Amino acid sequence: MKKIISGVKFREPNKRERTPAHVHLIIEMYVKYAHNPSLALKLKDHILTMLSQIKPIDSFPPTLQFFKPEHIEPFKDLDKVGEFTVEFLLVVTELMAIQEKTNYPQGSLTESLYKAFGVKDRFSVIQKAVLKRLT
């Protein structure tokens with residue numbers, strides 16, 4: 001199998017390049033949950049809707065399939081806390097989902113983590129993110 005996308009990376013001004021992992025995104029969701037639980041759960045539902053619509057790609061670079069700038073506004077209060085903005089979470093999660101659907105068509109780590117968020121205990125969700133299982 002040929003991998004189309006090797007990894008999602010970003011660079012903040014005057015900082016080194018970073019590769020966000022699933023665990024970073026889930027911990028960020030818990031930070032936002034501590035600030036505003038009901039809104040964080042609505043963000044989770046929005047992300048799950050997005051994940052259900054992502055399709056594998058066969059070209060590079062990938063283009064966003066779901067995200068629209070207007071998706072950010074309902075969740076703006078969550079930008080008050082954490083390291084990442086809602087916009088960053090939505091875009092990076094979508095890019096990671098595109099990568100997963102393309103490179104590991106049977107993989108479901110991203111979706112399973114968001115399904116477990118707010119339902120299962122934090123330890124088990126974070127542990128699953130750290131183990132990097134694809135199912």
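Keep in mind that what you see is a predicted model, and the values were worked out from it rather than measured. When reading the values below, keep in mind they use all heavy atoms of this one structure, side chains included, and skip hydrogens, waters and symmetry mates.
Once rounded to the nearest 0.5 Å, the distance linking CD1 of Ile126 with CZ of Phe117 reads 9.5 Å. Atoms OG1 and CD1, from Thr49 and Ile54 in turn, are 11.0 Å apart once rounded to the nearest 0.5 Å. The line from OG1 of Thr110 to NE2 of His22 is 3.0 Å long, rounded to the nearest 0.5 Å. The distance from the OH atom of Tyr33 to the CZ atom of Arg122 is 8.5 Å, given to the nearest 0.5 Å. Annotation: the span from Leu64 atom CG to Leu95 atom CG amounts to 5.5 Å, rounded to 0.5 Å. One distance of note links OG1 of Thr93 with CD of Glu100; it measures 11.0 Å at 0.5 Å rounding.
For Pro56 against Thr102, the heavy-atom pair with the smallest separation is CA-OG1, 3.5 Å. Across all their heavy atoms, Leu39 and Pro74 have their closest contact at CD1-O, 3.4 Å. Closest approach of Gly118 and Leu41 over heavy atoms only: CA-CD2, 4.1 Å.
Looking at heavy atoms from C-beta onward, Lys55 lies out of side-chain contact with Lys101 at the 4.5 angstrom threshold. Put simply, the side chain of Phe67 reaches to within 4.5 Å of the side chain of Glu87, judged on heavy atoms. Inter-residue side-chain proximity for Ser112 and Lys128 is flagged as met; some heavy-atom pair is nearer than 4.5 Å.
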Working for side chain to side chain contact (heavy atoms under 4.5 Å, CB included), residues Val31 and His35:
CA-CA 7 Å; Val31 169; His35 170 69; over 6 Å; no
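When ring centroids are compared, Phe66 and His46 come within the 6.0 Å threshold.
Within the 3.5 Å criterion, the main-chain N or O of Leu78 finds a donor-acceptor partner in the side chain of Lys32. Side-chain N or O atoms of Glu94 include none that pairs as donor or acceptor with a backbone N or O of Met50 at under 3.5 Å. The closest donor-acceptor contact from the side chain of Glu28 to the backbone of Leu89 lies at 3.5 Å or more, if one exists at all. Between the Asp79 side chain and the Val86 main chain, a donor and an acceptor come within less than 3.5 Å of each other.
Here the rule is side chain to side chain contact (heavy atoms under 4.5 Å, CB included) with Tyr114, and of Leu43, Val125, Leu48, Val119 only Leu48 fits it.
Applying the side chain to side chain donor-acceptor pair (under 3.5 Å) criterion to Asp45, with sequence neighbours excluded, gives no partner residue.
Between Phe88 and Phe84, the ring planes are parallel. Angles under 30° get that label, and only those over 60° would be called perpendicular.
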